[in-house]
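A short write-up of the structure that comes next.
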Amino acid sequence: MKPEGGTGRPLTRRSMGRAALATMLAGSLPRGSARGATRSLTISGYAGPFERAFQACVIDPFQQATPGVHIEYRPVMNSAQSLALLSLARTRTDIDIAIMDISVSILATGKDLLAPLDIGQVPALGHIPSWGRPAASHGVAFTRDNLVLVYNTDILGHHPPTSWMDLGRPELVDQVCMPIEDTRGVVLLPLLDRSVGADYRVTIDPALALLRQFAPNVANWNAQPDIYTLVMAQTVALGVGWNARTQMMRARKAGPIDGVVPSEGSVSQINTLNVARGTPDMELACAFVNHALSATVQKRFAQAAFYGPTNSDVVLEPALDSRIYGGPDIAARELYPDWEFISRNYNNWVRRIQREVISG
Amino acid sequence: MAETIPPAADAFLHVRDLTKQYPGSPRPAVDRASFDLGKGRMLALLGSSGCGKTTLLRMIAGLVPPQGGHVMLGGRDMGHVPLHQRQMGMVFQSYALFPHMDVARNVGFGLEMKGMPASQRNAAVRRMLELTHLENLADRRISALSGGQQQRVALARALATEPALLLLDEPLANLDVKLREAMRAEIRALQKRMDVTCLFVTHDQDEALSTADEIAVMSEGVIQQIGTPQDIYERPANRFVAGFIGRANFLPALWQRPGWAEVPELGLLAIAEHERWQGTRTLMVRPHAIRVRMGGDMTDALRACTGHVVDLSYTGGRYGCQVRVGPYLMETELEAGTRLPIRGQEVQLDWPAHRTRVLDGTP
Amino acid sequence: MTTRLMHRMLLLPGLVALVVTFCLPVAWLLHMSFMPEPDSPPGHAAISFHAYAQVLEDGFYWWVVWQTVRIGLVVTCLTVPLSFPIALFLSRSTSPWRGTLAALAVAPLLTSTVIRTYGWMVILGRHGLINRTLLGLGVLSMPVRLDNGTFATIVALVEILMPYAIISILGGMGRLTVELEQAAALLGAPLWKVFMRITVPLALPGLLTASLLVFVLSISSLVTPQLMGGGRVFVLSTEIFSQTTQALNWPLAGALSTLLLALFGSVIVLYQRAARRLEDPA
């Protein structure tokens, strides 16, 4: 099921159409390359704090270590946009490396948009555990980020949440924010299923039933601008969000916010590095991925942005470790789902959440 | 002035001291306007633009709230009567026809508002359309009508409810000259036939003189004179009215002795015996009152002034003849077909003493 | 002939702009909606009705269309009557403040939708102005949810769309003059009859245009339902957005967009029929 690369294909009407659109969309964004740089890479990834940390902890040291190389970071809204850029740019290979959620990486691999990585070219692959290199993906896990309960410490400080079931606390009517029409919802379903002894691969009905129980507490199902702002602004008291952003906000003392990895354990959202198929400088791309996966860079990134490292050699100081994983007991209950299964069911699950929980 | 106003006892429309000053304006648009109008009579409010005549009409209609004074119609104080109960028909200068209704519905609108049943209403509308020669246009749209037709529709609409008072705001201003004269006669005939009391605003003195029973001449917000067209024309109350209505010659004069006044640098002119005044006043003579004689014998040299023809112009049926008499330029008129002087010819002008009108002030 | 050619040449820049900015994207959208579903391998069948079948077979999308139309109708029925008195006032006012008032009426257009929407959150929120007032007065014992839902979306849309409605109503009142209303009053029509028989019929072209504009803008609005809906408001635009950016099902997004276009088209046909009837009542 692996058709040969996109470059040698005869020009069909469809590919011509794509090329035309790609030109339209990308024509105004010239391929970034600094004057004087002989080799360059363009990386698409999340905007905001992630971008700043990535630039400082990953890109800058790489550029310093390899003179004549220019790395351009193109911020995008979400993984889906990276995927869109990858598929549009097939004929131009604008994006060399895409940072994407693992479920999207699996999609991109299925669409044959990614180049497989070879341990010979990326030796650091040997230090990534198997959950970080699923067979269905050509990408490799760069960081992980737990789904946590985000809460306002002014409101819930005396009685902090500890369990996913706290989302249904009776006193929190209209004070919970559940932005779960995306990966957050999709990873929450297996977790809730497990908490009642069910298996997401068989049915997600128990998880949906639990979500319906929480529904009366929910003020909003999408967070604008984001859950962290809403919690800090006391618009809601409790919500579901990602740990790294929460811990960053807390460390920056941006507001009365904290995150808790619930006692039932959590699921990590996995950010993967993906090299685009047909990238002109495969060697440089592999060198960059290898650099990003190295223990030094991973540790630095974790310290800067509270993302969990994927390189098993990294040892974090205990305080940081418990901020990221919620302590060894809870970390032991981490759920490592079958991402290929999730990726296949992603849209269907989001649709079921929309229909059976939100508008139901 | 007072003698021209009909006695208040039979006044149907009674207007007293109506005053309106718009904010930011240095003088009132209408200043204490008063008059009475008998039932079935037609009064023309005559004046140049900006004299306040339209404001006065709109105050009577209730469209502009007055700052002082009152209006009574048929013995009823109109002060707090809302528009829809005033029983006044109005023809706006723009006609204000409802563009979304056909001719018949425009004409029948007032009756519909009165709650008249449709069958009865249709008959009334038909009669009104016949009276205004619109019977063939009943289902025409307003935009498909000519100016004259629109005028008739506006009139028919205003009269259909048989209002106590008909108000016309420059009703003929938007029509061409020929049509205007025909419509003028038609409005008058209709007003007489329906015996409706009528007030109309115009800046056209011919229109006022030929159509109205009475004329109120307005200037700078003040009614200068009210009277019959003859009164206004022959016996203007002041210099303004005399100059505004028709053409006139004005000469400064000092009273000499009963029956005689002296015009500086011209000599003595005969005047009515009863006139008497101090200082300089103005004598007015209408051009058509002056006889122009050429080389005839002077029966009464003292009553004639001698001058030279400056200009002669044909004005259709008659000639206008300008004669320089001393320092004064006199306008006279000559019938076509009579013997005409030539430019520069010496002529004598004379007129009967009773045609000389003495007015306040200097020319 | 040459002047005619010249006139046609003058149309050219606009035509080119229209083709580039409208016709081409719409054509591409249509093309996309007939593409096979995203998971199928590349280079497959050129044309597929799969996305349309998905839309038509799924009751959820019918419900979404109904939500879209319902919100559009409610917003139109609130916005136009609320804007009409303001437009009338502005068209009648002779005050020296008229210009300022007109500017104020359209001022909401000058602030960003996002800012205005946050303003509404402050007013409608759980701890917002309304809830606090009602709690303080003892009318409520528990705050009610006014934000994050259809109600909040409708409120915000009405506010945002009122300037458009005011401007269109003002633009369509050309035939309505104060004299016509005065004439009707003098003919014996009390105020409300003047309003119903003269003011409304003559302002109808403007009211109709305003209704069309408000309806179209409200069913195509995305940011307001997203910000004010709290994730509960499922309309075509939010669904298209999530299919495009989240689910990456572009054929489905294309099919839903085509559905929205068809909705626009049918509304415009209705509008033109009504407008023609206005022009020619017979």
Side-chain angles (χ1 to χ4, degrees), chain B residues 22-24 54 57-58 60-64 78 81-102 105-116 121 139-144 153-169, chain C residues 84 87-88 91-101 168-211 271-282:
Chain B
Y22 288 107
T54 294
L57 186 84
R58 293 174 78 85
I60 294 166
L63 300 175
V64 170
M78 302 302 280
V81 180
L83 282 182
H84 67 282
Q85 287 166 2
R86 288 176 90 89
Q87 291 184 292
M88 294 179 181
M90 180 150 172
V91 174
F92 290 81
Q93 185 174 355
S94 66
Y95 308 141
L97 297 175
F98 307 137
H100 56 306
M101 301 180 193
D102 62 16
R105 299 206 68 181
N106 261 280
V107 174
F109 187 83
L111 299 173
E112 194 188 331
M113 290 303 120
K114 272 188 171 179
M116 185 186 275
R121 191 167 76 222
D139 44 16
R140 208 55 97 67
R141 298 179 55 191
I142 298 303
S143 56
V153 175
L155 195 62
R157 187 180 70 177
L159 286 171
T161 53
E162 297 177 11
L165 182 65
L166 177 66
L167 303 166
L168 307 163
D169 186 5
Chain C
F84 191 31
L88 272 180
S91 74
R92 298 289 157 79
S93 171
T94 51
S95 142
W97 293 96
R98 190 191 155 180
T100 317
L101 291 172
S168 339
I169 294 171
L170 276 175
M173 289 202 304
R175 293 199 304 172
L176 177 62
T177 63
V178 180
E179 271 194 353
L180 289 176
E181 294 175 340
Q182 292 177 337
L186 279 171
L187 286 165
L191 272 179
W192 67 274
K193 271 199 174 166
V194 172
F195 185 74
M196 294 311 293
R197 297 291 308 273
I198 308 296
T199 315
V200 171
L202 289 177
L204 215 51
L207 293 172
L208 208 60
T209 314
S211 303
Y271 165 77
Q272 277 177 334
R273 280 217 189 132
R276 210 166 300 148
R277 193 163 301 171
L278 264 190
E279 281 293 304
D280 185 19

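These numbers were taken from a predicted model, which means no experiment stands behind them.
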- Message: Could you work out, with side-chain contact (heavy atoms from CB on, under 4.5 Å) as the rule, every residue matching C/L187, not counting sequence neighbours?
- Response: B/F98, B/F109, B/R157
- Is the number of heavy atoms from other residues, nucleotides or ligands under 6.0 Å of C/L101 CG greater than 12? yes
- Item | Which atoms of B/L97 approach chain C - backbone, side chain, both or neither, heavy atom under 4.5 Å | backbone
- Roughly how far apart are B/M113 CE and C/K193 NZ, rounded to 0.5 Å? 5.0 Å
- Query: Partners of C/S95 by side-chain contact (heavy atoms from CB on, under 4.5 Å), sequence neighbours excluded?
  - Reply: C/S93, C/W97
- Residue pair C/I198 / B/H100, side-chain heavy-atom distance below 4.5 Å: yes
- Note on the structure: Within residues 169-179 of chain C, contacts to chain B at heavy-atom distances under 4.5 Å involve C/R175, C/E179
Please output the side-chain donor-acceptor pairs of residues 199-208 of chain C that fall under 3.5 Å, not counting sequence neighbours, one pair per line with the distance.
residue	atom	partner	partner atom	Å
C/T199	OG1	C/E181	OE2	2.6
C/T199	OG1	C/V194	O	3.4

